[in-house]
Novice: 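Supplied in structure tokens, the structure appears directly below.
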Amino acid sequence: MGEYIVRCTACGRKQPQYALHCPDDTALLKTEYTERRLTPRDLPGIWTFYDWLPVTGHIPIGEKPITYRSTGLSGELGLNNLFISFSGYWPERGAAIKTCSFKELESAPTMQRMIERSGDETLVVASAGNTARAFAEVAAQTSQKLLLVVPSADMHRMWITKERSSETTVIAVNGDYYEAISFAETITGSPGFIGEGGARNVARRDGMGTVMLDAALFMKEIPDHYFQAVGSGTGGISTYEAATRLIGDGRFGERLPVLHLAQNVPCSPLYKMWCDDRNGAGCVSDNNSSDWKEMYTDIIYNRKPPYAVCGGVADALSATGGIMYGVTNREAEDANRLFEETEEIDIDPAAAIAVAALMQAASDARIRPDDSVLLNITGGGERRAREDCTINRLDADIVVNSTGQWEWGQEGEQEWELELNGGRVQ
Ligand SMILES: *Cc1c(COP(=O)(O)O)cnc(C)c1O
């Protein structure tokens, strides 16, 4: 139980347990578990999937996704086997992720591994909001050292339902998400700080993979199709990897689910790269566009997703015969309205992008009425959470410009640089 090795997806060589890179190539690393069968454990939340999480112990925190069979949306779209995975807050259905997105599926196992590494580093996380919230919520309960780097425009998304830990620091960057990532990488280069690794972090991927595990246990099979809104595409890779494990188990079928991954056009780099790979014309996308300010949601706008890297999004798409979708603002608005009316819960704008892709697929017959479909509602229930939970704002301790120059903070610039080197930021 809880036994695994980490292996390079390109050269196949075994790697150290906490490695993020193979020394010989750029490929993603993946886990291989000793346990071949998925046996739900009598443990709380996400730790139900303990055997297929890269941990050797567990913090007493971490919720799991829920799966249910749709009647409302499925009837509307003429799909007879539509299942919904919901990661968010919806107590009536047993969904208890209070920061309201599936990023908590990543933060809990990652924080557990930080404890196992037994180093004293500060974990650095760059985020457009949902990831930062998920890590801050867990860190509020484990008191681990955490540094969040968030674009200023996304600071409105920064809240948690617990008392903020004194070990959590927030840096707001006056720039976009990519600039926040670059700045976080600079910090990670200083002693005393460690990056969480994004898509390279196997705890993040296997944590997200629990969406497919939970669904397979509920449906008793691997679904034919999987729909998700993507930014980095990590959720798509995770689903592919989890489905591969389920096939190895033997009780859930032998076919991988077709990945249907969606982005909001025109700022949709994954959609564009996928179209370019197929020489497709008419793919509206602009990687460097400033149009992101006009988008239905910018939370899934990642300028440098792990697309072509071995073990990345392109590999997951081609292994599953997958499809990328471009969704307009208008389609997203309609999808959001339809979902809220038929399923009766509010959803994250990113999740509406996945619903819109499902609507496209149902109307142009890319999926058949009897196919089994899993729709991943990656975030939702924020309105519901605000009724029930205490919402504590997470304000910035330090503000920097897009190149990481200090602009505003509690201490002088000198001190900030000095302290940064010592592994502390305040
Ligand atoms: C992060 C996020 C996504 C996209 O996730 P990937 O990392 O690209 O798989 C989708 N929806 C919500 C709500 C998110 O927070």
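Every heavy atom of this structure was used, including side-chain atoms; hydrogens, water molecules and symmetry mates were not. Counting from 1, the numbers follow the sequence of the chain as shown. When a ligand or atom number is given, it counts from 1 through the structure's own listing order.
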Novice: Is it the case that ligand 1 has an N or O less than 3.5 angstrom from some N or O of Gly235?
Specialist: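 Yes; the residue has a nitrogen or oxygen that sits under 3.5 Å from a nitrogen or oxygen of the ligand.
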
Novice: Any atoms of ligand 1 less than 4.0 Å from a non-hydrogen atom of Asp348? List them with their elements.
Specialist: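 The list of qualifying atoms is 13 (C).
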
Novice: Using every non-hydrogen atom in the two residues, find where Val202 and Leu29 come nearest and quote the distance to one decimal.
Specialist: CG1-O, 3.5 Å

Novice: Just go through Gly231, Gly233, Ser232 and tell me whose heavy atom is the nearest to atom 7 (O) of ligand 1.
Specialist: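 Selected option, by shortest heavy-atom distance: Ser232.
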
Novice: Out of Pro305, Ala351, Ala229, indicate the one that has the non-hydrogen atom closest to atom 4 (C) of ligand 1.
Specialist: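 Looking at heavy atoms only, the winner is Ala229.
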
Novice: Nearest protein heavy atom to atom 12 (C) of ligand 1, by residue and atom, and its distance?
Specialist: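 The protein heavy atom lying closest is Thr378 OG1, 3.4 Å.
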
Novice: Go through the steps to decide whether Arg386 and Glu382 satisfy the test salt bridge (Lys or Arg N to Asp or Glu O under 4.0 Å), and finish with yes or no.
Specialist: CA-CA 6 Å; Arg386 285 179 182 273; Glu382 182 170 337; 3.1 Å; yes

Novice: Can you check whether Ile300 has an N/O within less than 3.5 Å of an N/O in ligand 1?
Specialist: no

Novice: What closest approach, in Å, do Gly236 and Leu259 show between heavy atoms, and which atom pair accounts for it?
Specialist: O-CD1, 3.5 Å

Novice: Are Trp274 and Tyr325, when compared by the centres of their aromatic rings, separated by less than 6.0 Å?
Specialist: no

Novice: Could you tell me which atoms of ligand 1, counted from 1 in the order shown, lie closer than 4.0 angstrom to a heavy atom of Ala350?
Specialist: 11 (N), 12 (C), 13 (C)

Novice: Backbone N or O of Phe102 within a donor-acceptor pair of the Ser87 side chain at under 3.5 Å?
Specialist: no

Novice: Using a strict cut-off of 4.0 Å, indicate which atoms of ligand 1 neighbour a heavy atom of Met208.
Specialist: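 Matching atoms, with element in brackets: 7 (O), 9 (O).
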
Novice: Using a 4.0 Å cutoff against the non-hydrogen atoms of Val230, which atoms of ligand 1 qualify?
Specialist: 4 (C), 8 (O)

Novice: Any side-chain donor paired with an acceptor under 3.5 Å for Thr67 and Arg93?
Specialist: no

Novice: Quick check: closest heavy atoms across Lys64 and Thr48, and the distance to 0.1 Å?
Specialist: CD-OG1, 4.1 Å

Novice: Would you mind listing which atoms of ligand 1 come within a distance below 4.0 Å of any non-hydrogen atom of Asn130?
Specialist: 13 (C), 14 (C), 15 (O)

Novice: Hey, which of Ile323, Ile377, Val373, Asn376 is the one that makes side chain to side chain contact (heavy atoms under 4.5 Å, CB included) with Phe227?
Specialist: Val373

Novice: Among all protein heavy atoms, pick out the one at the shortest distance from atom 1 (C) of ligand 1; state its residue, atom name and that distance to 0.1 Å.
Specialist: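 Among all protein heavy atoms, the one nearest atom 1 (C) of ligand 1 is Lys103 NZ, 1.4 Å.
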
